[in-house]
Amino acid sequence: YMSLSYSGTKEETPSYLVTAKHPLYPVDSRVIIRANHVPGMEGAKGVVNGAYETTAYKVSYVPSTWGNRVKDYKWVIHEDIDRAGLEPFKPGDEVLLHVKYKEGMDGAVAKIESVQQTTVYMVSYIDTRDGSHVKYYKWLVESELEPLDK
C-alpha cells in the first residue's frame, strides 16, 4: 500500500470499548464514506476495521496548544473523555478531552453539542485527493457510511 496519513493505529483503540454484537457494517465490510470530517474523505472507498457500541458526541473545543475554537467536531466517543462515568454526558456539558485525533485535542476543554447512542466505526480508506491510504480513522457513525456493493 501507499503512504499512511493521519489517524493513528488500531492499537490506540481503548481496550475497554465494547465491540458491537450486530453492526450494520461488520469488520471487513467494504464501504463508501459519506462524511467530510477531513479533506479527501467524502466519497472515499474504505474497509471497516472495528465497530463499537458507545455514545458519540459532537463537540466544540479550544485547542490546548493554540488556535481558534473548533466548532462541531465529529466524533468524540464517551471513552475519549477524561474521567467519564457510566452515564452519558448531556448537551452543554463541559468535558476534558483525552485523545490525539488532532493537534491540540488532548487536554482541551470541550462543550458537548450533541449526543448519540450508536455504533461507531473505525475505517481505513483511500484518500480521494491523492490515493494515499488513511489507516484506522476514528470515528464514523452508521449514517456516514453506505455499502460499497449494493
Side-chain angles (χ1 to χ4, degrees), residues 1-65 67 70-86 88-89 93 95-148:
Y1 285 121
M2 293 142 272
S3 67
L4 306 181
S5 62
Y6 192 56
S7 69
T9 67
K10 195 168 183 175
E11 292 73 43
E12 286 171 6
T13 305
S15 56
Y16 43 84
L17 259 179
V18 178
T19 301
K21 299 230 183 331
H22 304 287
L24 185 58
Y25 301 103
V27 170
D28 294 333
S29 296
R30 291 161 53 78
V31 294
I32 297 174
I33 300 175
R34 295 295 176 213
N36 58 357
H37 301 179
V38 292
M41 174 181 270
E42 178 72 45
K45 293 176 180 167
V47 64
V48 173
N49 305 122
Y52 306 95
E53 294 296 330
T54 188
T55 306
Y57 302 102
K58 185 165 66 173
V59 299
S60 296
Y61 67 94
V62 176
S64 58
T65 45
V70 176
K71 290 191 170 111
D72 297 331
Y73 177 88
K74 296 177 183 174
W75 299 96
V76 168
I77 61 170
H78 194 70
E79 292 77 6
D80 293 334
I81 296 172
D82 197 48
R83 293 193 286 282
L86 295 175
F89 293 99
D93 286 353
V95 298
L96 188 63
L97 299 181
H98 192 59
V99 287
K100 298 183 168 91
Y101 301 143
K102 289 181 83 160
E103 179 76 28
M105 280 189 101
D106 202 20
V109 173
K111 181 177 160 206
I112 304 286
E113 302 292 351
S114 72
V115 180
Q116 197 175 329
Q117 288 293 138
T118 189
T119 301
V120 295
Y121 295 89
M122 176 171 33
V123 178
S124 293
Y125 66 92
I126 298 168
D127 191 303
T128 59
R129 297 166 306 168
D130 62 8
S132 65
H133 262 246
V134 178
K135 301 281 277 180
Y136 307 125
Y137 180 86
K138 301 190 274 287
W139 300 103
L140 291 156
V141 297
E142 224 152 72
S143 60
E144 296 173 322
L145 300 173
E146 62 184 50
L148 182 57

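The first residue in the sequence is number 1, and the count goes up from there. Source: prediction; values computed, not measured.
- No donor-acceptor pair under 3.5 Å is formed between the side chain of Ser132 and the backbone N or O of Asp127.
- Contact between Val27 and Gly50 at its shortest, heavy atoms only, is CG2-CA, 3.9 Å.
- In this structure, His78 and Phe89 have tilted ring planes: the angle between them lies in the 30° to 60° band.
- For the pair Thr55/Val115, a side-chain contact is recorded, criterion being any heavy-atom separation below 4.5 Å from C-beta on.
- Tyr25 and Tyr121 have perpendicular rings, their planes meeting at more than 60° on a 0 to 90° scale where under 30° would count as parallel.
- At least one side-chain heavy atom of Leu17 sits less than 4.5 Å from a side-chain heavy atom of Ile77.
- Looking at every heavy atom in both residues, Thr65 comes nearest to Glu103 through CG2-OE2, 3.4 Å.
- Distance alone, capped at 3.5 Å, is enough to place a donor-acceptor pair between the Ser124 side chain and the Tyr136 backbone.
- Contact between Pro63 and Val70 at its shortest, heavy atoms only, is CG-CG2, 4.2 Å.
- With rounding to the nearest 0.5 Å, the separation of OG in Ser60 from NZ in Lys111 is 7.0 Å.
- Residue pairs meeting the salt bridge (charged side-chain N to carboxylate O under 4.0 Å, His left out) criterion with at least one member in residues 35-50, sequence neighbours excluded: Arg34-Glu42.
- Listed by chain and number, the residues in a side-chain hydrogen bond (donor to acceptor under 3.5 Å, both in side chains) with Gln116 amount to none (sequence neighbours excluded).
- A donor-acceptor contact closer than 3.5 angstrom is absent between the side chains of Glu79 and His98.
- In terms of the side-chain hydrogen bond (donor to acceptor under 3.5 Å, both in side chains) criterion, residue partners of Glu53 (sequence neighbours excluded) are, by chain and number, Thr119.
- Inspection of the Trp139 and Tyr52 side chains reveals no N or O donor paired with an N or O acceptor under 3.5 Å.
- Between Val47 and Val123, the closest side-chain pair of non-hydrogen atoms is not below 4.5 Å.
- Contact check for His37 versus Trp75: side-chain heavy atoms found under the 4.5 Å cut-off.
- Within the 4.5 Å cutoff, side-chain heavy atoms of Leu97 are placed close to those of Val76.
- Annotation for Arg83: atom CZ does not count as buried by contact number, only 12 or fewer foreign heavy atoms lying within 6.0 Å.
- In this model, no donor atom of one side chain and acceptor atom of the other lie less than 3.5 Å apart for Asn49 and Tyr137.
- Summarising the geometry of Pro23 relative to Ala51, their closest heavy-atom pair is CB-CB, 3.7 Å, with the distance given to 0.1 Å.
- When side chains are defined from C-beta on, Leu140 does not count as touching Val120, because their heavy atoms never get closer than 4.5 Å.
- Here the OH-CG distance, from Tyr57 to Asp93, works out to 8.0 Å after rounding to the nearest 0.5 Å.
- A heavy-atom distance below 4.5 Å is found between the side chains of Tyr73 and Met105.
- Counting heavy atoms from C-beta on, the side chains of Val95 and Asp82 never come closer than 4.5 Å.
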